[in-house]
Amino acid sequence: MDFDRRRTATLRTKRIQQKVNGIDTNIFEHCVQLYTLPPTSTISLEEFEELAVERLKVLRAVETVGVRCSRGSQDYKTLLEKEIKNSKLKRSILKWRDNVSHFILRLAYCRSEELRRWFIQQEIDLFRFRFQQESAESRARFLEINNLGYKPIDTEEQKEVLVNLQDSEGKEALAIENVQHYKVPFTEALDLVRSRRVYVHHGFAYVPQDDLVSILLTLFRMQLSHSLAVSNLQSFASPGRRWEVITNVVSLSRRYIGQDYASKKPVGEITADMIDLLSKTSFPLCMQQLHSAFRSNHHLRHGGRMQYGLFLKGIGLSLEEAIRFWKSEFTKIMDGDKFDKQYSYSIRHYYGKEGRKADYTPYSCIKIITTNTPGVGDFHGCPFKHSDPDVLRQKLAGQGLKQEGVDQVMQFVKGGHYQVACARVFELIHGSLSGGLIDVEVSFQHPNQYFEESYKRLHKDKINSNTPQAPRAVQIVPPPSKDRQSDTVTNLKSNSQDVTAPAASTASDPHEEDDFDELDETVLLDEAE
Amino acid sequence: MTSKVDKYDPGSLSDLLPLYYKKLFPYGLYFRWLNYGGVPKTYFSNREFSFTLKDDVYIRYQSFTDQQDMEKEIQKICPYKIDVGAVFTHRPKDHKTINAAAFVAQEKELVFDIDMTDYDDVRSCCSGADICEKCWPLMSMAVKILNRALKDDFGFEHILWVYSGRRGIHCWVCDEVARKLSQAGRTAIAEYLTVVKGGENQVRKVHLDQYIHPSIKAAIEIINSNFKDYAVDKQDFLGDKQKWTKVLSLIPSQDIQKEVAEELELLPDSASRWKKVKKFIELSSKSGFTDSRQADKEIMLQYCYPRLDVNVSKGINHLLKSPFCVHPKTGRVCVPFDPDDTDRFSPAEVPTISQLLDELNKVEAVDLGGVSKHTKDYKRTSMAASIEVFEQFVKKLEKSWRGKLIEESDKKMEF
Ligand code: SF4
Ligand SMILES: [Zn+2]
């Protein structure tokens, strides 16, 4: 378990070390926490697992509600509040449970990039939700406790830059005049800077009071993703009994977010010659689009190659077949020698045969939708998110959808529910996914999930019986009952001691960790000049 | 682009490079730049360089202990291309002996790469690797827009602009804050500076609200003052029906699209047509078509706003071609240029390696006649102007850390 205290220091957390029953009390000074200090108490394995499950339920609720309603809306609030109340983690009295359960899941979710990404996203949404539920006074106190005491700019300066504030925040000057603004080094307000939601001048972001939460989120994300990266390294370094317990939680978590599709041959051997046909019958729209762009241009740019190449690996295309597939098309515009030099390295790379030798996992929908937005000349991304409405309508009609179906799908797209839209397309082509449950909006988490569901339906006879059951809808399912060794006790406190501390330099940047795949890709970008 | 001296033959590169690396590559200044005053001491020796040799053989993780070592290695290997990477925790040369998890890229300049091929959908003169004087203004607008944003918005001062040798430009932001940026920080800046967004399935790639962010406003102003010269005169961007249909498709309201299209037929040239388009948008937004009220600005941005290769900027670990390399295909040297004078910079005027060696031959012949000088060789060729730009950049950089050193020693003197 990562009890990384170095980082806590840099987070400028005020630490008043008081111990009551071996529990640090300062982390409970406020009912919202940044989880800078891990628990130091001893709990039973039973409790360990229960807490993990409870928090998973909450995080799943955060995800589901986020898909159904737009964040910050009244529906969102009501629904999420209800879900949290139903869990055993409801606020205030249970700060300790909140803390412990968070740290348990950190352990479970540090194992792969996909898991980390999912966990961070839900934790951040949960944090935002809870922070915004607090009163203004309580929020101010929180900032103070965490030493985030930015100073507001004076009225003089505010007047001077008012027009710029107005243009940056997209609000009338009148609405801004009386809002306090804080001058924050731009490196501490990256989310606001990235989306150009604030005025940036000479290295400072002018942050309106209400957006200070975004700074907190940035901080929280950084800290969390750093800790997860370190936890991951540590857990590899320290197998042992504690590890078995964690593995349980991990397998539990997998059931909750679905597999990562890194394992090969989910449906048996796929060869290069089968791809044309499969792309028509069983590929999700994003992959169909990449496939046909590749066939007609004999080329795909870096982002497309990554997204498509890893997907193909995920459906069971072997390295040899992959090279055959890519080469046969690329060599229509270049000679084989050039292909071997420029591209076969990167294909071998996807299969973990070069560079870091990391076994890259196919991209999930969330990753495709939220990262690496396509640019000019790119065909990657999620067509539901990254298409003009009329272009998308045409594509949908091209899938054989009737007008009514197209409208249904477009309705989801309009609401920003891209994965639900994708699942609806699937249903209109292949039949219902929800197995009769009418009320549930089904959504895909992964392009490879789409493929497997489709393939299974079309080839019922051929499927190996040990194919993992693809995860289904976004529903909160009750935790599976497990054989518990209730006499086993895991001592959270001792964990930090039997772990060899990782080099301080590892994962110096949390986001870098998030993007492991890119690291070795430096060489492989596009056919440089 | 045809230049006066256009006799570079790619086949001769391996014969020319030894002399170039011996006589012309500005090692001294180059080292003074990348050594950053020796703070910390290992800054230069932990820097990764990579070499591309003949036939695309690529070697990563090169590093040099000091300037002499670098000179010796480069002259020995005579790489076709040199890339500059990150500063690591250890010497990149030793990376095999170090635990992979401990060998980490720590710092690097914030870099941008702008490539003309990314503008293929909005330039009508050439495509792919080709460039000409009709499309090059896209690059000078990019320089002006980005240089302003980096300075005014982010407060950076040490910015080096370099011609990439063929069809694009590179930018190296060398301030300490920039070098220490996390991947998230780099991504945030790159996205802040990205306005044209969308893949092949999206026609409209720029979306403006009623209020326009000051950074984009400033960009629009810069584009505006270049737009007539570039889009109207050089590109003739509303020159025929096919061209204007493409432009008009960026107006959200289809009604307006149709109406304007009819009117454009009657007008003689791009200039009058552009006026008409703007007029129409203005009028229609007054009469309630609020979705289209910024359409003229959106068109200008989609046609001219810089298009960054974000992937290059994001990674600390990403390598970028070094200044003063020679582009193997064109033979042109990747020279720094002055961003405040970018309109005067023309890629066609950038000297090729063969031209430079030719010039060198001539001055040396004069030397033999008796007039020996102690001037550095490169200062006696047409590379001199770019070296001057580079030297100014390095000197300004040195001033900044000298100021810092004084500050530090002042602190020590205090008691
Ligand atoms: S939702 Fe997922 S599977 Fe469907 S098109 Fe988008 S990225 Fe692909
Ligand atoms: Zn041109």
Side-chain angles (χ1 to χ4, degrees), chain A residues 163-164 166-171 186-187 190-191 193-196 199-204 218 222 233 289 293 302-303 341-342 356 372-381 383 386-388 391-392 395 502-503 505-512 514-515 518-519 521-523 525-526 528-529, chain B residues 56 58 60 85 89 99-102 104 106 115 117-121 129 152-155 164-168 177 181-185 187-189 191-192 196-205 209-217 307 309-312 314-319 321 327:
Chain A
V163 177
N164 290 325
Q166 163 193 302
D167 288 342
S168 308
E169 293 163 37
K171 288 182 196 144
F186 81 88
T187 45
L190 292 178
D191 283 344
V193 169
R194 177 204 314 266
S195 48
R196 279 193 303 267
Y199 175 47
V200 185
H201 187 62
H202 282 166
F204 287 95
T218 308
M222 252 167 57
L233 290 168
Q289 174 174 307
H302 172 70
K341 260 186 207 134
Q342 289 197 339
R356 253 172 212 277
N372 196 17
T373 327
V376 178
D378 282 334
F379 291 90
H380 69 263
H386 302 115
S387 306
D388 284 344
V391 178
L392 184 54
K395 289 208 182 241
S505 54
T506 48
S508 55
D509 180 306
H511 283 257
E512 189 179 314
D514 270 353
D515 270 321
E518 254 88 65
L519 289 185
E521 282 290 315
T522 47
V523 194
L525 277 172
D526 255 290
E529 278 198 64
Chain B
D56 288 336
Y58 188 71
R60 278 196 69 174
T89 39
N99 177 345
V104 177
Q106 288 192 304
D115 193 319
T117 46
D118 289 329
Y119 291 86
D120 278 359
D121 59 324
D152 296 354
D153 299 358
F154 293 101
S164 74
R166 191 179 197 183
R167 59 188 180 195
V177 176
L181 279 172
S182 63
Q183 172 154 345
T187 309
I189 296 181
E191 288 186 10
Y192 177 93
V196 183
K197 282 184 194 156
E200 291 298 300
N201 289 321
Q202 285 143 297
V203 178
R204 281 182 68 210
K205 294 186 164 66
D209 292 330
Q210 178 189 358
Y211 295 104
I212 302 176
H213 192 278
S215 185
I216 299 179
K217 259 193 177 164
R307 301 178 171 196
D309 184 340
V310 179
N311 288 316
V312 173
K314 262 164 57 175
I316 298 183
N317 202 7
H318 201 287
L319 295 135
K321 180 151 56 149
H327 194 289

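Order of the sequence lines sets the chain letters (A, B, ...), proteins ahead of strands, with each chain counted from 1.
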A.B. asks: Taking V104(B)'s backbone N and O only, do any of them form a donor-acceptor pair with T89(B)'s side chain (distance below 3.5 Å, no angle check)?
C.D. replies: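 Between the backbone of V104(B) and the side chain of T89(B) there is a qualifying donor-acceptor contact (under 3.5 Å).
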A.B. asks: As an exercise: rank I189(B), I212(B), D118(B) by heavy-atom pairs under 4.5 Å with chain A and give me the winner.
C.D. replies: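 Ranked by contacts with chain A, first place is I212(B).
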A.B. asks: Is chain B contacted by the side chain of V200(A), its backbone, both, or neither, given a heavy-atom distance below 4.5 Å?
C.D. replies: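 Backbone plus side chain of V200(A), per the 4.5 Å heavy-atom cut-off to chain B.
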A.B. asks: For D153(B) and Y192(B), what are the C-alpha separation, side-chain angles and deciding distance, and is it a side-chain hydrogen bond (donor to acceptor under 3.5 Å, both in side chains)?
C.D. replies: CA-CA 10 Å; D153(B) 299 358; Y192(B) 177 93; 2.9 Å; yes
A.B. asks: Less than 4.5 Å to any heavy atom of chain B: does that hold for the side chain of K171(A), its backbone, both, or neither?
C.D. replies: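 Only the backbone of K171(A) comes within 4.5 Å of chain B.
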A.B. asks: Pick one of side chain, backbone, both or neither for S168(A), based on which atoms fall under 4.5 Å of a heavy atom in chain B.
C.D. replies: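 Both backbone and side chain.
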A.B. asks: Tell me, out of K205(B), K217(B), E191(B), E200(B), who's got the most heavy-atom pairs with chain A below 4.5 Å.
C.D. replies: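 The answer is E200(B).
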A.B. asks: Between N164(A) and Y199(A), does any side-chain donor sit less than 3.5 Å from a side-chain acceptor?
C.D. replies: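 Side-chain D/A pair, N164(A) to Y199(A): present.
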A.B. asks: Checking heavy atoms, do the side chain of Q166(A), its backbone, both or neither come under 4.5 Å from chain B?
C.D. replies: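 When you check distances to chain B, atoms from both the backbone and side chain of Q166(A) fall under 4.5 Å.
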A.B. asks: At a 4.5 Å cut-off on heavy atoms, which part of Q210(B) comes close to chain A: side chain, backbone, both, or neither?
C.D. replies: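 Nothing of Q210(B), per the 4.5 Å heavy-atom cut-off to chain A.
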A.B. asks: Highest number of heavy-atom pairs under 4.5 Å with chain B: which of H380(A), Q289(A), H201(A)?
C.D. replies: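 Option with the top pair count is H201(A).
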A.B. asks: What part of V203(B) gets closer than 4.5 Å to chain A, counting heavy atoms only: side chain, backbone, both or neither?
C.D. replies: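 Answer is both: backbone and side chain atoms of V203(B) are under 4.5 Å from chain A.
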A.B. asks: Please check if the side chain of K197(B) supplies one atom and the backbone of G375(A) the other of a donor-acceptor pair under 3.5 Å.
C.D. replies: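 Looks like no, no N/O pair under 3.5 Å.
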A.B. asks: Below 4.5 Å, heavy atoms only, C-beta onward: do L319(B) and R60(B) meet side chain to side chain?
C.D. replies: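 Of all side-chain heavy-atom pairs linking R60(B) with L319(B), at least one is under 4.5 Å.
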A.B. asks: Run through D120(B), D121(B), D115(B) and flag the one making a salt bridge (charged side-chain N to carboxylate O under 4.0 Å, His left out) with R307(B).
C.D. replies: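 It is D121(B); the other options fail the test.
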A.B. asks: Looking at T187(B), V310(B), N99(B), I216(B), which makes the most heavy-atom pairs under 4.5 Å with chain A?
C.D. replies: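 Top count of heavy-atom pairs under 4.5 Å with chain A: I216(B).
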A.B. asks: Considering only heavy atoms and a distance below 4.5 Å, find which of T373(A), T187(A), D378(A) pairs most often with chain B.
C.D. replies: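 Heavy-atom pairs under 4.5 Å are most numerous for D378(A).
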A.B. asks: Donor-acceptor pair, distance only, cut-off 3.5 Å: does the side chain of Q202(B) make one with the backbone of G199(B)?
C.D. replies: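 Yes; at least one donor-acceptor contact below 3.5 Å.
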A.B. asks: Return the CD to CG distance between Q183(B) and N317(B), rounded to the nearest 0.5 Å.
C.D. replies: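 If I round to the nearest 0.5 Å, the distance is 9.5 Å.
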A.B. asks: Contact part of F186(A) toward chain B, heavy-atom cut-off under 4.5 Å: side chain, backbone, both or neither?
C.D. replies: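 For F186(A), the side chain is the part near chain B, not the backbone.
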